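Values in this document were obtained by computation on a predicted structure and should not be read as measured data.
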Amino acid sequence: MNPAESYILNKPEPYKSILLQLQVVIEHTIKDIDLTYKWSLPCYWYKEHSGFCYLNQTKNYVDLVFWRSAYLDIHPQHLKPYGRKALKSLRYYKQEDIDEDVLIEILLEADGHKEKSFYKKKN
């Protein structure tokens, strides 16, 4: 078992179930990414070695954090910066909070920006 999978499986409930559901949806929706372990967190990276997203369980929630979030326009009511300058995330407190339709739409939009730089250039 790799460290990213261990991170997920060693979390207490309900966080383990949230993380597992997110893992399944991410891997089913986006085909050309690998689950790796960086910064002590499970991260999804494109095979070209650029970041897609990472999972983080802290306090009483799980964050699904997106790089290149400046380009994400769909569902802004769900994507929040939570004090971060360049990243936005979907935050889940319980498994029932996961709206798979919204999640898949955001994943597909994020995947559409994989060739872009981390920061959106201002005009």
(request) State the OH-CG distance between Tyr93 and Asn60, to the nearest 0.5 angstrom. (result) 6.0 Å
(request) Say whether, by atom type as modelled, one donor and one acceptor occur between the side chain of Gln95 and the main chain of Ile18 under 3.5 angstrom. (result) no
(message) What I'd like to find out is whether the side chain of Asp63 reaches to under 4.5 Å of the side chain of Leu90, using heavy atoms alone.
(response) no
(message) A side-chain contact here means heavy atoms from C-beta on lying under 4.5 Å apart; do Cys53 and Ile26 qualify?
(response) yes
(request) Indicate, with yes or no, if the rings of Trp67 and Tyr54 have centres closer together than 6.0 Å. (result) yes
(request) Please report the closest heavy-atom contact between Ala110 and Phe52, naming both atoms and the distance. (result) CB-CE1, 3.7 Å
(message) Measuring from atom CG of Leu87 to atom CG of Asn56, what distance do you get when rounded to the nearest 0.5 angstrom?
(response) 11.0 Å
(message) Applying a strict under-4.5 Å side-chain criterion to I, L, V, M, F, W and Y, I'd like to know whether Tyr44 and Val24 cluster together.
(response) no
(request) Determine the minimum heavy-atom distance between Ser69 and Lys88, stating which atoms define it. (result) OG-N, 3.1 Å
(request) Drop me the distance from Ile106's CD1 to Asp101's CG, to the nearest 0.5 angstrom. (result) 11.0 Å
(message) Contact between Tyr7 and Pro3 at the side-chain level, heavy atoms closer than 4.5 Å - yes or no?
(response) no
(request) Kindly compute the distance separating CD1 (Ile8) from CD (Glu5), expressed to the nearest 0.5 Å. (result) 7.0 Å
(request) Would you please test Tyr92 and Leu103 for side chain to side chain contact (heavy atoms under 4.5 Å, CB included) and show each step? (result) CA-CA 11 Å; Tyr92 303 106; Leu103 174 57; 4.1 Å; yes
(request) Would you mind listing the cluster partners of Tyr82? Hydrophobic ones only (ILVMFWY), side-chain contacts under 4.5 Å, chaining allowed. (result) none
(message) Please check this pair: side chain of Ser89 against backbone of Val65, looking for a donor-acceptor N/O pair closer than 3.5 Å.
(response) no
(request) Using the side chain to side chain contact (heavy atoms under 4.5 Å, CB included) rule, take Arg91 and His78 through it: C-alpha gap first, then chi angles, then the decisive distance, then the call. (result) CA-CA 8 Å; Arg91 185 164 284 179; His78 296 287; over 6 Å; no
(request) Hey, could you give me the CD1/CD distance between Ile74 and Glu105, rounded to the nearest 0.5 Å? (result) 4.5 Å
(request) Looking only at non-hydrogen atoms, find the nearest pair between Thr36 and Ala4 and report the distance. (result) O-CB, 3.4 Å
(message) When you compare the side chain of Phe66 with that of Leu107, does any pair of heavy atoms fall below 4.5 Å?
(response) yes
(request) State whether the side chain of Thr29 and the backbone N or O of Val25 hold a donor-acceptor pair below 3.5 Å, judged by distance alone. (result) yes
(request) Sequence neighbours left out, what passes salt bridge (charged side-chain N to carboxylate O under 4.0 Å, His left out) with Asp97? Give chain and number order. (result) Lys94
(message) Does any part of the side chain of Tyr46, heavy atoms only, come nearer than 4.5 Å to the side chain of Asp111, both counted from C-beta?
(response) yes
(message) Under the salt bridge (Lys or Arg N to Asp or Glu O under 4.0 Å) definition, can you give me all pairs with a residue in residues 27-43, not counting sequence neighbours?
(response) Asp32-Lys114, Asp34-Lys47
(message) Within this structure, what is the CG-CD distance for the pair Leu55 and Gln57, rounded to the nearest 0.5 Å?
(response) 11.0 Å
(message) Give me the atom names and distance for the closest heavy-atom approach of Tyr15 to Tyr61.
(response) CE2-N, 3.7 Å
(message) I'd like to check Leu20 versus Gln23 (side-chain heavy atoms, cut-off strictly below 4.5 Å). Are they in contact?
(response) yes
(message) Could you tell me if the side chain of Leu72 sits less than 4.5 Å from the side chain of His113, heavy atoms only?
(response) yes
(request) Compare all side-chain heavy atoms of Met1 with those of Leu9 and state whether any distance is below 4.5 angstrom. (result) yes
